[in-house]
Amino acid sequence: MLVISTIFLVLSAIPGIGIERNEARRWLGIGGVEFQPSEMVKISLIVFLSYSLSKRNKVLGSFTKGFVPYVLLAGFIAGILALQPHMSAALIIVSVTAIMMIVA
């Protein structure tokens with residue numbers, strides 16, 4: 001789910017594929033339906049993090065195995081959102097990731 005929504009997010013940032021409104025390219029149109037992939041990414045990231053953090057709880061104390069992969073994932077998604085520009089969604093992605101990692 002996260003992979004598909006991230007692919008949609010990347011596609012929405014590409015000129016000619018993503019729909020631009022008010023100098024921001026945040027929407028995709030598929031079959032006459034327009035949507036923001038960032039909304040899918042928010043939900044799928046929460047589901048992914050909750051599953052992954054619960055399954056990998058033994059390595060969460062490790063910096064390279066428990067911290068870096070999640071920060072890189074959140075940074076990649078937030079970077080794509082910043083290019084669109086969609087800073088509110090980028091802030092939500094980073095905040096949710098940080099909160100879930102602290103709680104885990």
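This is a predicted model, so every value here is computed, not measured.
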Taking side chain as C-beta onward, heavy atoms only, is [X] less than 4.5 Å from [Y]?
X	Y	answer
Met1	Ile43	yes
Leu9	Leu81	yes
Ile80	Gln84	yes

Donor-acceptor under 3.5 Å (Arg56 side chain, Lys65 main chain): yes
Do the side chain of Ser5 and the main chain of Leu2 share a donor and acceptor less than 3.5 angstrom apart?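 A pair under 3.5 Å: yes.
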Side chain to side chain contact (heavy atoms under 4.5 Å, CB included), that's the test. Do Leu53 and Leu60 meet it? Break it down for me. CA-CA 8 Å; Leu53 290 170; Leu60 290 180; 3.5 Å; yes
All pairs passing salt bridge (charged side-chain N to carboxylate O under 4.0 Å, His left out) where residues 29-42 contributes a residue, at least two apart: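 Every salt bridge (charged side-chain N to carboxylate O under 4.0 Å, His left out) pair that includes a residue of residues 29-42, provided the two are not neighbours, is Arg21-Glu34, Glu39-Lys42.
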Apply ring pair (Phe, Tyr, Trp, His ring centres under 6.0 Å) to Phe67 and list each qualifying residue two or more places apart in sequence or on a separate chain. Phe63
Under 30°, 30 to 60°, or over 60°: which ring-plane class applies to Tyr70 and Phe48, parallel, tilted or perpendicular?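 Correct class here is tilted.
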Please evaluate residues Leu45 and Leu73 with respect to the criterion side chain to side chain contact (heavy atoms under 4.5 Å, CB included), reporting the C-alpha separation (whole Å), side-chain torsions for both, the decisive distance (0.1 Å), and the verdict. CA-CA 9 Å; Leu45 182 68; Leu73 175 65; 3.9 Å; yes
Non-hydrogen atoms of Ala74 and Thr97 that approach each other most closely: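 In this case the closest contact between Ala74 and Thr97 is CB-OG1, 3.6 Å.
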Nearest atoms (heavy-atom pairs only) where Ala78 meets Val94: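 Closest pair (atom of Ala78, atom of Val94, distance): CB-CG2, 3.8 Å.
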OG/Ser38 to CZ/Phe8 distance, rounded to the nearest 0.5 angstrom?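 One gets 13.0 Å once the value is rounded to the nearest 0.5 Å.
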